[in-house]
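Everything below concerns the one structure shown next.
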Protein chains: 2
Amino acid sequence: MNHTFQARIKAPILLNSAEAEIIRALRRQGCVTSTDIMRMTGWSKAKTAQDIRDLVEKGFLMDAGEGISQGGRKPRLLCINRNLGFVVGVDIGATSVDVALADISGSILQRYSEAADVRQRPEPFLGRCVEIVFHLMELQGCRADQILGIGIGVPGPVDFARGVLVAPPLMPDWENFSIRGFVKQSFPNAFVVVDNDVNIMALGEQRAGDGINVDHFIFVKIGTGIGAGIVSNGKIHRGSTGCAGDIGHICVDKNGPICRCGNTGCLEAMAAGPAITEKAIQAALNGSSPLLKNLLDQNGGVLRPEDVNAACREGDQAALEIIRASGQMIGDVLAGLVNFFNPSHIFIGGGIANFGNHLLVSIRRAVLRRSLPLATTHLSINFSRMGADAGVTGAVALALEYLFVIEDQPTTTL
Amino acid sequence: MNHTFQARIKAPILLNSAEAEIIRALRRQGCVTSTDIMRMTGWSKAKTAQDIRDLVEKGFLMDAGEGISQGGRKPRLLCINRNLGFVVGVDIGATSVDVALADISGSILQRYSEAADVRQRPEPFLGRCVEIVFHLMELQGCRADQILGIGIGVPGPVDFARGVLVAPPLMPDWENFSIRGFVKQSFPNAFVVVDNDVNIMALGEQRAGDGINVDHFIFVKIGTGIGAGIVSNGKIHRGSTGCAGDIGHICVDKNGPICRCGNTGCLEAMAAGPAITEKAIQAALNGSSPLLKNLLDQNGGVLRPEDVNAACREGDQAALEIIRASGQMIGDVLAGLVNFFNPSHIFIGGGIANFGNHLLVSIRRAVLRRSLPLATTHLSINFSRMGADAGVTGAVALALEYLFVIEDQPTTTL
DNA sequence: AGGACTTTGTATAACAAATGGACAAAGTTC
DNA sequence: GAACTTTGTCCATTTGTTATACAAAGTCCT
């Protein structure tokens, strides 16, 4: 049986529980022998062999050559049929796009990032994304009809069921635009899933980062905005309309500045990137930090969050204070969420994740001061170590999660 | 086969998925015919009959007489064997205990409430609870070894895995006391589960109240303290150490009064029952409310939250303001949680639940003002209609949930 | 190099579970 | 009372799984 190419795979791909268990084993280990599967599943030799034969015939699995002998006959290795199709992950940030092409086992084959401005209209922006995907496909020799799943993360509130942005502050032109519909035009075979960017980062952290095997955690992205991805009982919690995790507009100070959402004193307006740079510019102009003034002049009247961080590293007191204040406000909000949600881990990512320990220490201090002891004794608060990978990895995982559907899931509660 | 009494049922009771499906059908409908089960499960006649026979032989099911003919032979009805055992639900509040005795299908057979002070030591308190249970058992002709499960809700942070209170502000003497161990002495056959009181109220609302079929909701209890029970994806979210939902100590005002937890401006210290009465006493004493002054004098220098509510109903402006202020603070905190968690329903219960619309309106207003539009368009905020039933119903449901364990639960994610 | 032992993979008989009728029992309706 | 329904049981057949035997392809030791 020669399965060099399997043209018509319907997405989503339905698997029964036995098939799912085999695929799961292969996902984790890459290549496995049938004896491995036998041992992992506890099935008999005959059933294991039979089910594997079926999966090979369906085109999901393929022979991957000989394995290493364990003191007896050499085993034949199995792997997921890479010719079956491909999956794309797209992480749209406020100022950049990350795209990855992966095989259906989730291994990333090609990766590409570029700067982009999300404030433009969706058609040219997504058109460019599609262009990038086609470019990556070319490098891997993959055709459009072989793309089976596409996961897309966008920086705004997503109605997950409809795959549409609702009242996105950062990208108003995208409101109600069908991202799924647009992308489907180029990839008719693909199953397109759109989610909030922080949710896919949380998913990435869970699948390939430090969030593996963690039941309850929060992934906090701090950049132009502030958002959270929530994992409860090992699953992404999206809430009833799919917009859970929007912590950027939790009130920190009722008398604070007006936020772009219309309210006053939102966390985002007071502690995110733009707030940090604005405070830094003030410090530069009012003379309290000659270092920041220098940086401001060098950059032509503009400061980026990285500049404030750099100043802080050089020992600038004003920059340090700005960062500490940010950390404390973020920590104050997180303290409430820790009381409410009782996670075991908080991962902090996004543009600000390189800010080093000053930020982290103030966040931790604020959380510890204001949270219940039982909630904080085993709580870890750290920067995510995945950097920009969290997003694309999660986007690929998201696509795969919805591409493969396990049939006949029994009810688990009585 | 006569199964009037089945002495030795080991708890927890293990069920395979087929058995679970039958029990589930019976739980929902009370009494069912085998044809009903056949149609609900999609199984063949023979298998259905076989599985039912097995369950009858094991003593779980029993014949419940003849059903109504549908135009043919009369069916034989099936119901859960009530002689198999009983389940107890105990809802311990700050100032009261509610106890219920139920059969293993969850129907409450006997119910009893009395005032009690939780600040005493656990031994006498729980001793009295056990006494009440024995009294209810006597009324139903049930022996101690027939009690298979006991669910207990306590008003404090519970380490759910250990079944122990950790640093409970309301009941310091209970710290690290093994409630499970104490109760087991009187009911050696029983499976004892201890949980936070708000979690069991949420569970009750989900099983027998308006929370049925709601995936994501928050149950907020406002009484002496303030706490929340969280349901995510249809399951109670307890967090990593089991103390999720402790929203009473989220900060409302950094410059607020000192809370018993040691921090300043906690929601509980500013908006719960004691804060309301204290403000009312002040209003009475400083002359801004003659009505409250009258009530205060009548009650001998003490005011209860109900008195403030009564004054408000009579049109007292000061009482109204106090309630509105409480509602606004609670609403401000809930607004943040709505952004974070995106529930579709918020149920408000506890002693303050009879406070009528003034409280509710201010909560709703605060939430609507400060939450994301996408999160509030389909959000309902209402008083729980279950009153004191939520607690015991949930406690019984909790006991049942851990009494019956479904074996061989397959992994649901790939 | 050859024999003893392992591991891997396949074929087959035996066992267990579930299905689909056939059929009897117990009703209703006209 | 005949015709039709619904309920419940029995049994041969199909389907799914396991256990066993056995062949193939190795390693390792003498």
Are E401(B) and R207(B) ion-paired here, with the side-chain N under 4.0 Å from a carboxylate O?
-> yes

Reckon T33(A) has a side-chain N or O less than 4.0 Å from the OP1 or OP2 of dT8(C)?
-> no

For atom NZ of K235(B), decide whether the heavy atoms of other residues, nucleotides or ligands shown that lie under 6.0 angstrom number more than 12.
-> no

How close or far is atom P of dT7(C) from atom CE of M38(A), stated in whole angstroms?
-> 11 Å

What is the distance, rounded to the nearest whole Å, between atom CG of L77(B) and atom P of dA26(C)?
-> 17 Å

When rounded to whole Å, the CZ to C1' distance for the pair R53(A) and dG16(D) reads 14 Å

Rounded to the nearest Å, what distance is computed from the CD atom of residue Q50(A) to the P atom of nucleotide dT17(D)?
-> 9 Å

Considering only dT27(D), dT7(D), dG27(C), which nucleotide approaches the side chain of E66(B) most closely?
-> dG27(C)

Go through dG8(D), dG9(C), dT10(C) for me and flag the one nearest to the R76(A) side chain.
-> dG9(C)

Tell me which nucleotide among dT18(D), dG9(C), dT8(C) gets nearest to the side chain of K47(A).
-> dT18(D)

Supply the atom-to-atom distance L78(A) CG to Q29(A) CD, rounded to the nearest 0.5 angstrom.
-> 12.5 Å

D36(A) has an atom CG; how far is it from atom P of dT8(C), in whole Å?
-> 8 Å

Round to the nearest Å and state the distance from N16(B) atom CG to dA16(C) atom P.
-> 17 Å

Rounded distance [0.5 Å steps], CG in N81(B) versus CG in L55(B) = 11.0 Å

From dG9(C), dT7(C), dG8(D), nucleotide with atom closest to Q70(A) side chain = dT7(C)

Most 5' of S69(A) and P75(B) on DNA chain D, judged by nearest nucleotide = P75(B)

For the side chain of R73(B) and the base of dT6(D), is some donor closer than 3.5 Å to an acceptor across the two?
-> no

Would you say the side chain of K45(A) and the base of dG9(C) hold a donor-acceptor pair, judged only by whether the two atoms sit under 3.5 Å apart?
-> yes

Heavy atoms from other residues, nucleotides or ligands near CD of E138(A) exceed 12 (cutoff 6.0 Å) | no

Remember a base hit wins even if backbone is also touched, and classify S34(A) as base, sugar-phosphate or nothing at under 4.0 Å, heavy atoms.
-> sugar-phosphate

Length of the line joining D51(B):CG and dA17(C):C1', which is rounded to integer Å | 10 Å

Please work out if S44(A) contacts a base, only the sugar-phosphate, or nothing of the nucleic acid, heavy-atom cut-off 4.0 Å.
-> base

Starting at CG of D54(B) and ending at C1' of dA16(C), how long is that distance when rounded to a whole Å?
-> 13 Å

With heavy atoms under 4.0 Å as the rule, sort A46(B) into base, sugar-phosphate or nothing.
-> base

Per A49(B) side chain, nearest of listed nucleotides dT9(D), dG27(C), dA18(C) | dT9(D)

